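Report on the structure given below.
The structure displayed is predicted, hence computed values, not measured ones. A, B, ... follow the sequence lines: proteins, then strands. Residue 1 opens every chain. All heavy atoms count here, side chains included; hydrogens, waters and symmetry mates do not.
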Protein chains: 2
Amino acid sequence: MARLPVYLRALHSLQDRGIATVSSEELAAAAGVNSAKLRKDLSHLGSYGTRGVGYEVEYLIYQISRELGLTQDWVVAIIGVGNLGRALAGYGGFASRGFRMASLLDADPRLVGERIAGIDVEHIDRLETVIAEHGVSIAVIATPAVAAQEVCDRVVASGVTSVLNFAPIVLSVPDGVDVRKVDLSIELQILAFHEQRKAGGPMGEQVEREYVEAVEL
Amino acid sequence: MARLPVYLRALHSLQDRGIATVSSEELAAAAGVNSAKLRKDLSHLGSYGTRGVGYEVEYLIYQISRELGLTQDWVVAIIGVGNLGRALAGYGGFASRGFRMASLLDADPRLVGERIAGIDVEHIDRLETVIAEHGVSIAVIATPAVAAQEVCDRVVASGVTSVLNFAPIVLSVPDGVDVRKVDLSIELQILAFHEQRKAGGPMGEQVEREYVEAVEL
DNA sequence: AAGGCCTTGTGAACGAGTGCACAAAGTCGC
DNA sequence: GCGACTTTGTGCACTCGTTCACAAGGCCTT
């Protein structure tokens, strides 16, 4: 359920505002989804709502957190300390809820020893050691594209089964390993695509007509 | 079609390796999708393949680029020059193909005037002016969550209809405005969810059994 | 020039996910 | 304590995207 984290964030926001109880209608609006969908999602976790009243915010936060595995700590290593790696290391959202940034690694010897967000950068040669020592369970790859597959292979060989990839390539991994990809320029390209359609298609009307039938994103 | 950018990247990679022609099977493997799906996607752009041979890489790159609107330049402004904003400004993938980074804006007066990736940071007060002067068509919001909605409103009021949001909130926008969201911690939470399921669910077997029936992400 | 071979393009079945609409169920006021 | 109201949980129909399987069609060898 990719939507649970979104619900969780909306719930935290409600909690910060001192709201103790919420209806599916309200929560759905805050999360930007249909209320029936939200109820169906939540019902899969069990019956945590009260008919005629709604959901208790705090209890629901706990249940979703448990479902997502946020009640335990996940140990994260970031490989690649370029601009993006630094941004990720400093991103407060990670440390705040269940994700512990354990290690930063890079291939550039000039970066090794530098202290970023309270962590000393180590050399990529120590990858396997670091993963074993800290018990890393999630690896974040923020290296250039050419290095990503090799880093991924080594990480997987060390027993990590969850990878978050920022490098602009499709990583190949064995079964049982989950890879999620975040590609910044792809997001921009999708926006450009929609922007262009709003403006009336790529060129003449002849081509445009075909677009009307094209599947909406 | 959210997959077109992925195909495009795979095609560029093939082109760099000097490959002139490619079958749907090969390209699908490189992009990590089913070959029938790929063919159906491409057929929506028109019949650009040759039966018995495959697709001509260069021609297909042109057609997809045109479809995505990458044959024209898109003017991008980044609002919020924190760690993430800097990383985005320095990210080569933007400038390389059709996206021109026109402006960096921030609310912190200490950052104003600083030069990042060849661009002088301007104060957020000049937001409307900058958008009009440069003809910005895509706004990237990399501000803290509390500021994001206000920035978004101002950007939209200035006529921008495409927004890429990195702030961890759901932006509300009028119809006709496209928002795409990238949320780094949500990606980690989804990985954690899968990692937990591999490990055997959040607690006892009783709960675990329900998970088996839960919808796969 | 003709047949075999290979790959595209697509019809059709399938499955997942979505949204509607309503019954079940609990609360609150009287 | 009882009835009306509110909101959850869910059966059902539907839409959309995916996948299979194959016919249509172009190239290359003989």
Requested in this report: Mind calculating the distance between CE (A:Met1) and P (C:dA16) to the nearest angstrom?
Outcome: 13 Å

Requested in this report: In sequence, state the C-alpha distance, the side-chain angles, and the governing distance for A:Val163 and A:Ile138, and then conclude on side-chain contact (heavy atoms from CB on, under 4.5 Å).
Outcome: CA-CA 6 Å; A:Val163 175; A:Ile138 300 178; over 6 Å; no

Query raised in the report: To the nearest angstrom, how far is A:Arg3 atom CZ from C:dG17 atom C1'?
Result: 8 Å

**Report entry** Side-chain H-bond candidate by donor/acceptor type, B:Ser13 with B:Arg17, under 3.5 Å
**Finding:** yes

Query raised in the report: Which heavy atom of A:Val170 sits nearest a heavy atom of B:Ala31, and at what distance?
Result: CG2-O, 3.9 Å

Query raised in the report: Which residues, if any, of residues 10-19 of chain A bring a heavy atom under 4.0 Å of DNA chain C?
Result: none

Report summary line: A:Leu38 CG to C:dC20 P, in whole Å, measures 14 Å

Query raised in the report: How close or far is atom P of C:dT10 from atom CG of B:Asp41, stated in whole angstroms?
Result: 13 Å

Query raised in the report: Between A:Asp41 and A:Tyr7, do the side chains contain an N or O donor and an N or O acceptor separated by less than 3.5 Å?
Result: yes

Query raised in the report: Can you tell me how far C1' of D:dG17 sits from NE2 of B:His44, to the nearest Å?
Result: 10 Å

Every protein N/O within reach of nucleotides 6-8 of chain C N/O, cut-off under 3.5 Å:
| residue | atom | partner | partner atom | Å |
| --- | --- | --- | --- | --- |
| C:dT7 | O4' | B:Gly52 | N | 3.0 |
| C:dT7 | O2 | B:Gly52 | N | 3.4 |
| C:dT8 | OP1 | B:Ser24 | N | 2.6 |
| C:dT8 | OP2 | B:Ser24 | OG | 2.6 |
| C:dT8 | O2 | B:Arg51 | NH1 | 3.2 |

Query raised in the report: Do B:Arg39 and B:Ser24 have a side chain donor and acceptor closer than 3.5 Å?
Result: yes

Query - Nucleotide D:dT8, atom C1' - distance to CG of A:Leu42 in whole Å - result: 10 Å

**Report entry** Separation of D:dT8 P from A:Leu60 CG (nearest whole Å)
**Finding:** 11 Å

Query raised in the report: Taking only side-chain nitrogens and oxygens of B:Asn34, does any of them come within less than 4.0 Å of OP1 or OP2 of D:dG17?
Result: no

Query raised in the report: What distance separates B:Ile141 CD1 from B:Leu105 CG, expressed to the nearest 0.5 Å?
Result: 11.5 Å

Query raised in the report: Any chance CD of A:Glu58 has more than 12 other-residue heavy atoms, nucleotides or ligands included, within less than 6.0 Å?
Result: no

N/O-N/O pairs, protein side and nucleotides 12-14 of chain C side, under 3.5 Å:
| residue | atom | partner | partner atom | Å |
| --- | --- | --- | --- | --- |
| C:dA12 | N6 | B:Lys40 | NZ | 3.1 |

Query raised in the report: Any side-chain donor paired with an acceptor under 3.5 Å for A:Ser137 and B:Glu195?
Result: no

Query raised in the report: Would a line drawn from the ring center of A:Tyr55 to the ring center of A:Tyr48 be shorter than 6.0 Å?
Result: no

Report task. Find the distance between CD (B:Glu67) and CG (B:Leu4) and round it off to the nearest 0.5 Å. Result -> 6.5 Å

**Report entry** Under 3.5 Å side-chain donor-acceptor pair for A:Ser185 and B:Arg9
**Finding:** yes

